[in-house]
Student: 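Got a structure for you, questions after.
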Amino acid sequence: MKNLFISIILVFIGTTLSFAQADSLRVADGTITSAIENQLPVDRIESYRADFGKLFCFTRIIGAQKDTEVTHVWYYQDAELARVTLPVRSSDWRTYSSKRFLPQWAGQWRVVILDGGGNEIAAIPFMLE
């Protein structure tokens, strides 16, 4: 009986630590940019030409207590067009994904950032004209 009680306590502590990890992960900086140099965005885009060809979603993730991951989900209007899972290996981690565009994809876009548990932690809207 004592061993069962200890096992239940250990499972509860493990579950609590997992939730704490997910709750502490957040996006300190996130932007759409035309390029990345020295692990930083060169500009911040809210609206851009649809015929540009390629854009990047830069995110600075803070709060990770251990190695984890985030996912950038690229949406055109309400349709998911790309999903990129990226590692997060420290409590202050910069990462990015990219997406190539066709000129006919003008309109409203957004990149939703998910934590390792699939919870939305940020969304970055932008427009292609």
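Small disclaimer: the values here were computed from a predicted structure and weren't measured.
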Student: Please enumerate all residues that pass side chain to side chain contact (heavy atoms under 4.5 Å, CB included) together with Ala123, with sequence neighbours excluded.
Tutor: Val112, Glu120

Student: What's the spacing between Lys66 NZ and Arg89 CZ if we round to 0.5 Å?
Tutor: 14.5 Å

Student: Taking all non-hydrogen atoms of both residues into account, name the closest pair between Ala64 and Ser90 and its distance.
Tutor: CB-O, 3.5 Å

Student: Is there a path of hydrophobic side-chain contacts, each under 4.5 Å between heavy atoms of I, L, V, M, F, W or Y residues, that connects Val111 with Ile61?
Tutor: yes

Student: Could you walk me through whether Leu25 and Thr68 pass the side chain to side chain contact (heavy atoms under 4.5 Å, CB included) check?
Tutor: CA-CA 9 Å; Leu25 200 66; Thr68 187; 4.2 Å; yes

Student: Of all residues at least two apart in sequence or in a different chain, which pass the side chain to side chain contact (heavy atoms under 4.5 Å, CB included) check with Leu86?
Tutor: Val70, His72, Val84, Thr95, Ser97

Student: Can you list the residues that meet the side-chain hydrogen bond (donor to acceptor under 3.5 Å, both in side chains) rule with Thr33, with sequence neighbours excluded?
Tutor: Asp43

Student: How would you list, by chain and number, every residue that makes a ring pair (Phe, Tyr, Trp, His ring centres under 6.0 Å) with Tyr75, sequence neighbours excluded?
Tutor: none

Student: What distance do Lys99 atom NZ and Trp109 atom CH2 have between them, rounded to the nearest 0.5 Å?
Tutor: 5.5 Å

Student: My understanding is that a hydrophobic cluster links ILVMFWY residues whose side chain heavy atoms are under 4.5 Å apart, including indirect links. Using that, what else belongs to the cluster containing Met127?
Tutor: none

Student: Would you please name every residue forming a side chain to side chain contact (heavy atoms under 4.5 Å, CB included) with Thr71, sequence neighbours left out?
Tutor: Val73, Arg83, Thr85, Leu114

Student: So, using side chain to side chain contact (heavy atoms under 4.5 Å, CB included) as the criterion, who are the partners of Gln39 when residues are at least two apart?
Tutor: Arg94, Tyr96

Student: Verify, without hydrogens or angle tests, whether Trp93 (side chain) and Pro87 (backbone) share a donor-acceptor contact under 3.5 angstrom.
Tutor: yes

Student: Heavy-atom distance under 4.5 Å between the side chains of Gln65 and Ser91, does that happen here?
Tutor: no

Student: Looking at Arg100 and Trp105, what are the two nearest heavy atoms and their distance?
Tutor: O-CZ3, 3.5 Å

Student: Please table the atom pairs, donor to acceptor, closer than 3.5 Å between any side-chain atom in residues 45-55 and protein atoms at least two apart or in another chain.
Tutor:
unit_1 : atom_1 : unit_2 : atom_2 : d
Ser47  : OG     : Glu129 : OE2    : 2.6
Arg49  : NE     : Asp51  : OD1    : 3.1

Student: Tell me the closest heavy-atom pair linking Ser34 and Phe56, and the distance in Å.
Tutor: O-CE1, 3.5 Å

Student: Taking Val27 as the starting point, is it possible to reach Ile62 by hopping between hydrophobic residues whose side chains are less than 4.5 Å apart?
Tutor: no

Student: Please report the shortest heavy-atom distance between Tyr76 and Gln104, naming the atom on each side.
Tutor: OH-O, 3.8 Å

Student: Answer yes or no: is there a donor N or O on one side and an acceptor on the other, between the side chain of Arg110 and the main chain of Gln77, under 3.5 Å?
Tutor: yes

Student: Excluding sequence neighbours, so at least two apart, what forms side-chain hydrogen bond (donor to acceptor under 3.5 Å, both in side chains) with Arg60?
Tutor: Asp92

Student: Members other than Val42 in its cluster, when Ile, Leu, Val, Met, Phe, Trp, Tyr link by side-chain heavy atoms under 4.5 Å?
Tutor: none

Student: Following the transitive rule for hydrophobic clusters with a side-chain heavy-atom cut-off under 4.5 Å over Ile, Leu, Val, Met, Phe, Trp and Tyr, establish whether Ile124 and Phe58 coincide in one cluster.
Tutor: no

Student: Under 3.5 Å, side chain of Asp115 to main-chain N/O of Gly117, donor-acceptor pair present?
Tutor: yes

